A.B. asks: 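Here you go, one structure.
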Amino acid sequence: MKKTLIVVLGPTGVGKSKLSIKLAQYFRTEIISSDSRQVYSELSIGTAVPPEVDLQKVKHHLIHSHSVHDDYNASQFEKDVLAILDHLFREKDTAVMTGGSMLYIDAVCHGMDRLPDADPELRSRLIRDFNEKGIEHLRLQLKKLDPHYYSVADLKNPKRLLHAIEVCLITGKTYTSLRTNQKKERLFRIIKIGLNLERGELYERINRRVDQMIEEGLEQEARHVYPLRNLNSLNTVGYKELFAYFDGETDRDKAIELIRRNSRHYARRQLTWFRRDQDIAWFRPEQEKEIIHYVESKLT
RNA sequence: GGUGCCAUAGCUCAGUUGGUAGAGCAACGGACUGAAAAUCCGUGUGUCCCUGGUUCAAUUCCAGGUGGCACCA
């Protein structure tokens, strides 16, 4: 029998975790989190890690598996998930993956091209150059290293330019030549379940969840990691806004309002990304029966 | 009940010496291959409260109405 990965995706706060537990229980299997921030063990409240009771019900993978000090990325995630699945599929026919990190989901479903690991020293040098000389400097460098990518790149986006440059410098090849634009073959079947709500309803849920996080002690959690604020892992909604408050740049209410807004913006970006994926079957989060029925119809 | 002020975008407001309007915030659309909860690009979405009058033309002027606020009774 062909093994199956059931992917539950959707905007933040829509109710993915709850449904995933139901699915995992129904199919007697385990859950892999596809959330780029829940992997960090220092973060719980602000990343909406499921409560301990839920984690007890079903085994979860890649939650609190790393530290904010670790360099983690989508490619590493792809490798980690494939290893977990390899192990899991020896015993189970299905597995559930749930989370909203778009690139991470695609890394598992489509695969990432083989590129070199980032060299921390080179990266910080390039960042320093960018800060001192501006984006024009990055553009000129890229134009020399990879004229083709330069012609199609988003020339206003420093991260994109910088990454292409570092890949060229490390490999001695052009970034273009390493981008295959091909889906990787997977040995398992993938079923994508998308959860969504009417926009106003979703925003209400997001706003309410932020208030709940504050009640549960998000401020204290953020204060705990405040000294590490420069780590990329802490460039995260729910923390960066509170850091600004701790710095005295805004007041508390303003910071909380910004968390709400930035969470809404994040949800929108997620929906934009998912919209173009034709493989997703969309449901409302409470349609458990319909979803199970849909999955079973795909399994036969 | 009387007098005065106000009514313009989802919100707070600006403006048009009469030629159908614009800021901030919010909102909306898009991109995305190893930092992705990141990063970047784009978009005013409007019965200018209603009805009538004056006028070639009214969101703007006039009258009445409705609603809100303030003060006086």
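Owing to the predicted nature of the structure, the values given are computational and were not obtained by experimental measurement. Protein chains get the first letters and strands the later ones, always in sequence-line order, with residue 1 at the start of each.
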A.B. asks: Looking at A:Lys184, I want to see if its NZ is surrounded by more than 12 non-hydrogen atoms of other residues, nucleotides or ligands under 6.0 Å.
C.D. replies: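 Yes, because the 6.0 Å sphere around NZ of A:Lys184 holds more than 12 heavy atoms from other groups.
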A.B. asks: Tell me whether A:Gln220 at atom CD has more than 12 heavy atoms from other residues, nucleotides or ligands lying less than 6.0 Å away.
C.D. replies: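 No, CD of A:Gln220 has 12 or fewer neighbouring heavy atoms, counting only those of other groups under 6.0 Å.
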A.B. asks: Take a 6.0 Å sphere around CZ of A:Arg189 and say whether it holds more than 12 heavy atoms from other residues, nucleotides or ligands.
C.D. replies: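 Counting other residues, nucleotides and ligands, CZ of A:Arg189 exceeds 12 neighbours.
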A.B. asks: Rounding to the closest angstrom, what is the interatomic distance between B:rA73 and B:rG65 at atom P?
C.D. replies: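 Each nucleotide's P atom is 24 Å from the other's.
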A.B. asks: Within the pair A:Tyr104 and B:rC32, is there a side-chain N or O less than 4.0 Å away from OP1 or OP2?
C.D. replies: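 No.
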A.B. asks: For RNA chain B, just give me the dot-bracket, please: Watson-Crick or G-U, both distances below 3.5 Å, ( ) intra-strand, [ ] crossing earlier pairs, | paired with another strand, . unpaired.
C.D. replies: (((((((..((((.....[..)))).(((((.......))))).....(((((..]....)))))))))))).
A.B. asks: Compare side-chain N and O positions of A:Ser101 against OP1 and OP2 of B:rA36 and report whether any pair is under 4.0 Å apart.
C.D. replies: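 No.
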A.B. asks: Can a side chain N or O of A:Tyr72 be found less than 4.0 Å away from OP1 or OP2 on B:rA35?
C.D. replies: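 Result: no.
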A.B. asks: What N/O pairs connect the protein and nucleotides 40-43 of chain B at under 3.5 Å? Give each pair on its own line.
C.D. replies:
from, atom 1, to, atom 2, distance (Å)
B:rC40, O4', A:Asn157, ND2, 3.1
B:rC40, O2', A:Asp154, OD1, 3.4
B:rC40, O2', A:Asp154, OD2, 3.0

A.B. asks: If we take the C1' atom in both B:rU12 and B:rG53, what is their distance in whole Å?
C.D. replies: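 33 Å, rounded to whole Å.
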A.B. asks: Can A:Arg275 be said to sit on top of A:Trp273's aromatic six-ring, NZ or CZ under 6.0 Å from centre and within 45° of the ring axis?
C.D. replies: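 Because its charged atom misses either the 6.0 Å distance or the 45° angle limit, A:Arg275 does not stack over A:Trp273.
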A.B. asks: Could you measure between the two P atoms, the one in B:rA21 and the one in B:rA58, and give it in whole Å?
C.D. replies: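 It comes out at 14 Å once rounded to the nearest Å.
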A.B. asks: Between B:rA27, B:rU33, B:rC28, which nucleotide gets closest to the side-chain atoms of A:Arg264?
C.D. replies: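 In terms of side-chain proximity for A:Arg264, the closest of B:rA27, B:rU33, B:rC28 is B:rA27.
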A.B. asks: Using a heavy-atom cut-off of 4.0 Å across all strands, would you classify A:Ile127 as base, sugar-phosphate, or nothing?
C.D. replies: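 Base, at least one base atom sits under 4.0 Å.
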A.B. asks: Within the structure shown, what part of the strands sits under 4.0 Å from A:Asn262 by heavy-atom distance: base, sugar-phosphate, or nothing?
C.D. replies: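 Counting heavy atoms under 4.0 Å across all strands, no contact is made by A:Asn262.
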A.B. asks: In this structure, are over 12 heavy atoms from other groups packed under 6.0 Å from A:Glu121 atom CD?
C.D. replies: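 Open.
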A.B. asks: Just call it for A:His163: base, sugar-phosphate, or nothing, with non-hydrogen atoms closer than 4.0 Å on any strand.
C.D. replies: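 Sugar-phosphate: the residue A:His163, judged by heavy atoms under 4.0 Å, touches backbone atoms but no base.
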A.B. asks: How far does the P atom of B:rG22 sit from the matching atom of B:rG44, given to the nearest Å?
C.D. replies: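 My reading of the P atoms in B:rG22 and B:rG44 gives 10 Å.
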A.B. asks: Rounded to the Å, how far apart are A:Leu271 CG and B:rG29 P?
C.D. replies: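 Rounded to the whole Å, the gap is 8 Å.
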A.B. asks: For the pair A:Asp247 and A:Arg229, find out whether any cationic side-chain nitrogen is under 4.0 Å from an anionic carboxylate oxygen.
C.D. replies: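 Looking at A:Asp247 and A:Arg229, the cut-off is met.
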A.B. asks: Send over the distance from A:Glu78 CD to B:rU33 C1', rounded to a whole Å.
C.D. replies: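 One finds 10 Å between C1' of B:rU33 and CD of A:Glu78, rounded.
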A.B. asks: Distance check, C1' atoms only: B:rG24 and B:rU55, in whole angstrom units.
C.D. replies: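 So the two C1' atoms sit 36 Å from each other.
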A.B. asks: For A:Asp277 and B:rC32, give me the distance from atom CG to atom C1', rounded to whole Å.
C.D. replies: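 After rounding, the reported distance stands at 14 Å.
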A.B. asks: Under a 3.5 Å cutoff, is there a donor and acceptor pairing between the side chains of A:Arg209 and A:Ser263?
C.D. replies: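 Short answer, no.
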A.B. asks: Among the candidates B:rU33, B:rA27, B:rA36, find the nucleotide nearest to the side-chain atoms of A:Leu115.
C.D. replies: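 Comparing B:rU33, B:rA27, B:rA36 against the side chain of A:Leu115, the answer is B:rU33.
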A.B. asks: Of the nucleotides B:rA31, B:rU33, B:rU39, which one has an atom closest to the side chain of A:Arg276?
C.D. replies: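 Ranking B:rA31, B:rU33, B:rU39 by closest atom to the A:Arg276 side chain puts B:rA31 first.
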A.B. asks: Just the rounded figure in Å: distance from C1' of B:rA36 to CZ of A:Phe77.
C.D. replies: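 To the nearest whole Å, that distance equals 12 Å.
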A.B. asks: What interatomic distance, in whole Å, is found between C1' of B:rU45 and the corresponding atom of B:rG2?
C.D. replies: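 Taking atom C1' in both B:rG2 and B:rU45, they lie 42 Å apart.
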A.B. asks: Can you tell me if NZ on A:Lys79 sees more than 12 non-hydrogen neighbours from other groups inside 6.0 Å?
C.D. replies: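 Result for NZ/A:Lys79: enclosed.
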A.B. asks: Base, sugar-phosphate, or nothing: which does A:Ser263 touch, judged by heavy atoms less than 4.0 Å apart?
C.D. replies: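 Nothing, no heavy atom under 4.0 Å.
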A.B. asks: Can you tell me if A:Lys92 has over 12 outside heavy atoms packed within less than 6.0 Å of its NZ?
C.D. replies: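 Correct, the count exceeds 12.
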A.B. asks: What is the distance, rounded to the nearest whole Å, between atom CH2 of A:Trp273 and atom C1' of B:rU39?
C.D. replies: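 Result: 12 Å.
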A.B. asks: Which of parallel (below 30°), tilted (30 to 60°) and perpendicular (above 60°) describes A:His66 and A:Tyr72?
C.D. replies: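 Tilted.
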A.B. asks: Look at all strands and tell whether A:Tyr40 reaches a base, only sugar-phosphate, or nothing, counting heavy atoms closer than 4.0 Å.
C.D. replies: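 No contact.
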A.B. asks: Are more than 12 heavy atoms, taken from residues, nucleotides or ligands other than A:His87, located less than 6.0 Å from that residue's NE2 atom?
C.D. replies: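 12 or below, so no.
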A.B. asks: With heavy atoms under 4.0 Å as the rule, sort A:Arg123 into base, sugar-phosphate or nothing.
C.D. replies: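 The residue A:Arg123 makes base contact.
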A.B. asks: Given that A:Gly46 and A:Leu258 both sit by RNA chain B, which one's nearest nucleotide is further toward the 5' end?
C.D. replies: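 It is A:Leu258 whose nearest nucleotide is closer to the 5' end.
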A.B. asks: Using the closest heavy atom to pick a nucleotide of RNA chain B for each, name whichever of A:Tyr149 or A:Asn232 lands nearer the 5' end.
C.D. replies: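 The residue whose closest nucleotide sits nearer the 5' end is A:Tyr149.
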A.B. asks: Starting from C1' on B:rA27, measure out to CD on A:Glu198 and report it in whole angstrom.
C.D. replies: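 After rounding, the gap between these two atoms is 13 Å.
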A.B. asks: Indicate, yes or no, whether a donor-acceptor pair under 3.5 Å links the base of B:rU33 to the side chain of A:Asp113.
C.D. replies: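 Looking at the base of B:rU33, it does pair with a donor or acceptor on the side chain of A:Asp113 (distance under 3.5 Å).
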A.B. asks: For the C1' atoms, the ones on B:rG42 and on B:rA35, what distance do you get once it is rounded to whole angstrom?
C.D. replies: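 Roughly 24 Å separates the two C1' atoms.
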A.B. asks: Should the pair A:Phe243 and A:Tyr226 be assigned to parallel (<30°), tilted (30 to 60°) or perpendicular (>60°) ring geometry?
C.D. replies: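 The rings of A:Phe243 and A:Tyr226 sit tilted, inter-plane angle from 30° to 60°.
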A.B. asks: Once you apply a heavy-atom cut-off of 4.0 Å, does A:Leu178 come out as touching a base, just sugar-phosphate, or nothing?
C.D. replies: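 Answer is nothing: A:Leu178 stays at 4.0 Å or more from every strand.
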A.B. asks: Please classify the nucleic acid contact of A:Asp71 as base, sugar-phosphate, or nothing, using heavy-atom distances under 4.0 Å.
C.D. replies: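 Touches nothing.
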A.B. asks: A:His265 NE2 to B:rC32 P: how many Å, rounded?
C.D. replies: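 Nearest whole value for this atom pair: 21 Å.
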A.B. asks: If you compare every side-chain N and O of A:Arg261 against the phosphate oxygens of B:rA27 (OP1, OP2), does one of them come in below 4.0 Å?
C.D. replies: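 No.
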A.B. asks: What integer number of Å spans the C1' atoms of B:rC11 and B:rA57?
C.D. replies: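 Between the two C1' atoms, the distance is 33 Å.
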A.B. asks: Anything under 30° is parallel, anything over 60° is perpendicular, the rest tilted; go ahead and classify A:Phe188 against A:Phe89.
C.D. replies: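 Taking A:Phe89 first and then A:Phe188, their aromatic rings sit tilted (interplane angle of 30° to 60°).
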A.B. asks: Round to a whole Å and report the spacing from CG of A:Leu161 to P of B:rC32.
C.D. replies: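 Going from A:Leu161 (CG) to B:rC32 (P), I get 15 Å.
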A.B. asks: Can you tell me if the side-chain N/O atoms of A:Asn235 get under 4.0 Å from OP1 or OP2 in B:rU39?
C.D. replies: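 Yes, because at least one side-chain N or O of A:Asn235 sits under 4.0 Å from OP1 or OP2 of B:rU39.
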